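One structure is given here, and the rest of the page talks about it.
Source: prediction; values computed, not measured.
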Amino acid sequence: MRSASITRKTAETDISVKIDLDGTGTYDNQTGVGFFDHMLDQLARHALIDMEIRCKGDLHIDDHHTVEDVGIALGQALAQAVGDKKGIRRYGACLLPMDDALVRAALDISGRPYLVWNLAMPTAQIKTFDTELVREFFQAFSTHGGLTLHVDALHGINSHHVAEAAFKSVARALRDALEIDPRKADAIPSTKGTL
């Protein structure tokens, strides 16, 4: 079973995350930040990762701690669930169109976290959600998940579409990278013998 449960409690957030990498993309995400929940739902659905997230955060201050800390906890859950990475394809990429937006994501489940982010948001907010938090989520997620992650927006005039295309493209890349390679299901995908 490639699954994990993580709890993370600080003075700013109280989070529980449950994931199953071999799921069907079912989700039940409740963070108190509506747009963020919608993005997490997209991540689960398009990565085919079953995901349940609960977060109680200091939303009276703003959404920052909630979004970043969920990224941390979800990254930790991913790293735990993927384990020694035996059999995975390791690499994934997706070029995803969503109306006016076109976003490319490429990733390596390498154990070497690195984020390259070339995604400018057309507006500072989507309703009350600060669009700069999209990058904060992926920075935390890639760092704690051990992902080398590149995200590039090639087009986009609507911030909602750009953000959603980013989550969906990363999800599809994750789906590919996490798949078990039937030709090498018993091997670590590295000449080093470890990742």
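- Interatomic distance, Leu40 CG to Arg45 CZ, rounded to the nearest 0.5 Å: 15.5 Å.
- From Glu68, atom CD reaches atom CG of Asp63 across 12.5 Å, with rounding to the nearest 0.5 Å.
- Looking at residues two or more places apart in sequence or on another chain, you find a side-chain contact (heavy atoms from CB on, under 4.5 Å) between Asp22 and Arg2, Asp20.
- With Thr131 contributing its side chain and Met121 its backbone, the two residues share no donor-acceptor pair below 3.5 Å.
- In the hydrophobic clustering of this structure, Leu178 does not group with Leu48; members are Ile, Leu, Val, Met, Phe, Trp, Tyr whose side-chain heavy atoms approach within less than 4.5 Å, directly or through other members.
- Applying the salt bridge (charged side-chain N to carboxylate O under 4.0 Å, His left out) criterion to Asp62, with sequence neighbours excluded, gives no partner residue.
- Judged as a side-chain contact (heavy atoms from CB on, under 4.5 Å), and not counting sequence neighbours, the contacts of Thr7 are Ser16.
- Here the CZ atom belonging to Arg90 is positioned 9.5 Å from the CD1 atom belonging to Ile109, to the nearest 0.5 angstrom.
- Taking the side chain to side chain donor-acceptor pair (under 3.5 Å) definition, one finds that Thr143 meets it with Gln139, sequence neighbours left out.
- Ile15 has its side chain out of reach of Arg54: every pair of non-hydrogen atoms, C-beta onward, lies at least 4.5 Å apart.
- The main-chain N or O of Arg183 is found under 3.5 Å from a side-chain atom of Asp181 such that the two form a donor-acceptor pair.
- Here Lys18 does not pair with Asp50 in a salt bridge; the nearest charged N to carboxylate O distance is not below 4.0 Å.
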Quiz item: Ile49 and Arg175: side chain to side chain contact (heavy atoms under 4.5 Å, CB included), yes or no, with the steps?
Solution: CA-CA 8 Å; Ile49 296 173; Arg175 177 179 171 179; over 6 Å; no
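- Ile53 contributes atom CD1, which lies 11.5 Å from atom OG1 of Thr66 (distance to the nearest 0.5 angstrom).
- Sequence neighbours left out, the pairs with a member in residues 94-121 that pass ring-ring contact (aromatic ring centres under 6.0 Å, His included) are Trp117-Phe138.
- In this structure a side-chain-to-backbone donor-acceptor pair under 3.5 Å is missing from Ser142 to Thr148.
- Applying the side-chain contact (heavy atoms from CB on, under 4.5 Å) rule to Tyr91 yields the partners Asp108; only residues at least two apart in sequence or on another chain are considered.
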Quiz item: Where do Glu164 and Gln42 land on the side chain to side chain contact (heavy atoms under 4.5 Å, CB included) test, with the steps shown first?
Solution: CA-CA 8 Å; Glu164 190 163 337; Gln42 300 303 321; 3.7 Å; yes
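- With sequence neighbours left out, His65 forms a side-chain contact (heavy atoms from CB on, under 4.5 Å) with Glu12, Thr13, Asp58.
- The hydrophobic cluster containing Val33 also contains Met51, counting ILVMFWY residues as joined when their side-chain heavy atoms lie under 4.5 angstrom apart, directly or transitively.
- Among residues two or more places apart in sequence or in another chain, the side chain to side chain donor-acceptor pair (under 3.5 Å) test is passed with Asn29 by Asp41.
- Between the side chain of Asp100 and the backbone N or O of Ile157, at least one donor-acceptor pair lies under 3.5 Å.
- Clustering of Ile, Leu, Val, Met, Phe, Trp and Tyr by side-chain heavy atoms under 4.5 Å joins Leu102 with Leu95, Leu154.
- Residues Ile72 and Phe141 form no side-chain contact, since every pair of their non-hydrogen atoms from C-beta on lies 4.5 Å or further apart.
- Using a 4.5 Å cut-off between side-chain heavy atoms of Ile, Leu, Val, Met, Phe, Trp and Tyr, with links allowed through other members, Met98 and Met39 fall into different hydrophobic clusters.
- Distance check, rounded to the nearest 0.5 Å: CZ of Arg135 to CG of Asn118 gives 10.0 Å.
- Residues Leu195 make up the rest of the hydrophobic cluster containing Ile188, defined by ILVMFWY side-chain heavy atoms closer than 4.5 Å, directly or through other members.
- Ion pairing between Arg8 and Asp69 holds under the 4.0 Å rule for side-chain N and carboxylate O.
- By the ring pair (Phe, Tyr, Trp, His ring centres under 6.0 Å) test, Tyr27 pairs with no residue at all, sequence neighbours left out.
- Atom CG in Asp176 sits 7.0 Å away from atom CZ in Arg172 (nearest 0.5 Å).
- Screening residues 31-50 for ring-ring contact (aromatic ring centres under 6.0 Å, His included) gives Phe35-Phe129, Phe35-His160, Phe36-Phe137, His38-His160 as the qualifying pairs, with residues at least two apart or on separate chains.
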